[in-house]
Amino acid sequence: MKFFIDTANLDQIREAQAMGILDGVTTNPSLMAKEGITGATNILKHYVDICTIVEGDVSAEVISTDFDGMVREGEALAALHPQIVVKLPMIADGIKACKYFSDKGIKTNVTLVFSAGQALLAAKAGATYMSPFIGRLDDISTDGLALIADIRLIYDNYGFETQILAASVRHTMHIMDCAKIGADVMTGPLSAIKGLLKHPLTDIGLAQFLEDYKKGN
Ligand code: G3P
């Protein structure tokens, strides 16, 4: 299972990278705005900064909603750095643009996926990654994890190579449940990743080991 961090915060990206478990980064316009990164020039520079910190794929989202605009933007994003993955919205022109980029060998991430039908279309268009937003489904009393399971079944039925990138992950149990279902990738906040570290018996056991070591020295 690949671990991506879902943020545009460089300190958090550095911290996750330093842990040695990071496979990539996802961003979106909201996450950029949250860090105060605005304006095309600053946003493009920020993507390059992220690419210099991590070794894996970095999703950079287009803001156009028409095919020509997405192609123009996506080509500019892809030219920024070899690690850039062009992130496209799950709309008709986004699927068309996904097919365009797939045919050119440029990596894509189809985002804002909320149904298995949308996931099927993204796979048909050759998406590298497809991002179902599980937290936002949970927010409206719909089972986000059930969607991941449905998509896993469908992709396995036909051998689609599109990677299921579980997104809008909000907490540690989301990560564990996605791992059990077989999501290829999860993207979440640093807090959810660090939550995997925690167990009181680990802390108690370590404290005991250190205390016993001191007794013998
Ligand atoms: O990866 C998608 C993500 O950025 C959306 O997360 O928490 O805003 O639903 P959230």
Side-chain angles (χ1 to χ4, degrees), residues 1-13 15-17 21-38 43 46-47 49-51 53-54 56-63 65 70 74 77 83-91 94-95 98 107-116 118-119 121-123 127-149 151-152 162-179 181-196:
M1 188 188 201
K2 290 185 199 167
F3 273 26
F4 288 179
I5 190 169
D6 194 30
T7 185
N9 182 293
L10 298 183
D11 287 337
Q12 291 188 15
I13 294 169
E15 186 175 342
Q17 176 66 26
I21 47 79
L22 194 64
D23 299 297
V25 177
T26 51
T27 61
N28 61 42
S30 305
L31 293 171
M32 284 286 185
K34 194 175 161 194
E35 299 305 320
I37 314 295
T38 54
I43 290 173
H46 205 70
Y47 285 136
D49 290 345
I50 293 172
C51 289
I53 297 172
V54 300
D57 287 344
V58 175
S59 288
E61 188 159 342
V62 302
I63 47 156
T65 53
M70 286 186 211
L77 289 169
Q83 285 166 241
I84 292 285
V85 174
V86 179
K87 199 170 180 188
L88 301 157
M90 179 58 236
I91 55 177
I95 289 299
C98 178
K107 287 186 180 179
T108 52
N109 177 359
V110 174
T111 189
L112 290 166
V113 170
F114 293 93
S115 78
Q118 291 177 326
L121 278 177
T128 313
Y129 300 104
M130 173 284 312
S131 297
F133 279 28
I134 60 176
R136 290 192 191 183
L137 282 170
D138 290 354
D139 286 344
I140 56 159
S141 307
T142 302
D143 190 347
L145 292 167
L147 174 61
I148 301 291
I151 298 170
R152 181 74 282 156
T162 296
Q163 296 179 52
I164 301 174
L165 196 173
S168 185
V169 159
R170 301 276 174 77
H171 49 73
T172 304
M173 276 312 292
H174 268 158
I175 300 178
M176 292 316 300
D177 288 330
C178 285
I181 294 166
D184 301 286
V185 191
M186 81 81 206
T187 191
L190 184 60
S191 58
I193 297 172
K194 286 169 85 174
L196 294 166

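All values reported here derive from a predicted model rather than from experimental measurement. Both ligands and their constituent atoms are indexed starting at 1 by order of listing.
Here Lys2 does not pair with Asp184 in a salt bridge; the nearest charged N to carboxylate O distance is not below 4.0 Å.
Remark: Asp143 pairs with Leu145, Ala146 by the side chain to side chain contact (heavy atoms under 4.5 Å, CB included) rule, at least two apart or across chains. Judged as a salt bridge (Lys or Arg N to Asp or Glu O under 4.0 Å), and not counting sequence neighbours, the contacts of Glu15 are Lys194. Evaluation of the side chain to side chain contact (heavy atoms under 4.5 Å, CB included) rule for Ala60 yields Tyr47, Leu77, Ile84 as partners, not counting sequence neighbours.
Here the side chains of Ile151 and Met130 are in contact, with some heavy-atom distance below 4.5 Å.
A donor-acceptor pair under 3.5 Å is absent between the side-chain atoms of Thr26 and the main chain of Ser59, judged by distance alone.
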Which protein N or O atoms sit under 3.5 Å from any N or O of ligand 1? Give each pair with its distance.
residue: ligand 1; atom: 1 (O); partner: Asp6; partner atom: OD1; Å: 3.3
residue: ligand 1; atom: 1 (O); partner: Asp6; partner atom: OD2; Å: 2.9
residue: ligand 1; atom: 1 (O); partner: Ser168; partner atom: N; Å: 3.4
residue: ligand 1; atom: 4 (O); partner: Asp6; partner atom: OD2; Å: 2.6
residue: ligand 1; atom: 4 (O); partner: Asn28; partner atom: ND2; Å: 2.9
residue: ligand 1; atom: 7 (O); partner: Arg170; partner atom: NE; Å: 2.8
residue: ligand 1; atom: 8 (O); partner: Arg136; partner atom: NH2; Å: 2.8
residue: ligand 1; atom: 9 (O); partner: Arg136; partner atom: NE; Å: 2.7
residue: ligand 1; atom: 9 (O); partner: Ser168; partner atom: OG; Å: 2.7
residue: ligand 1; atom: 9 (O); partner: Arg170; partner atom: NH2; Å: 2.9

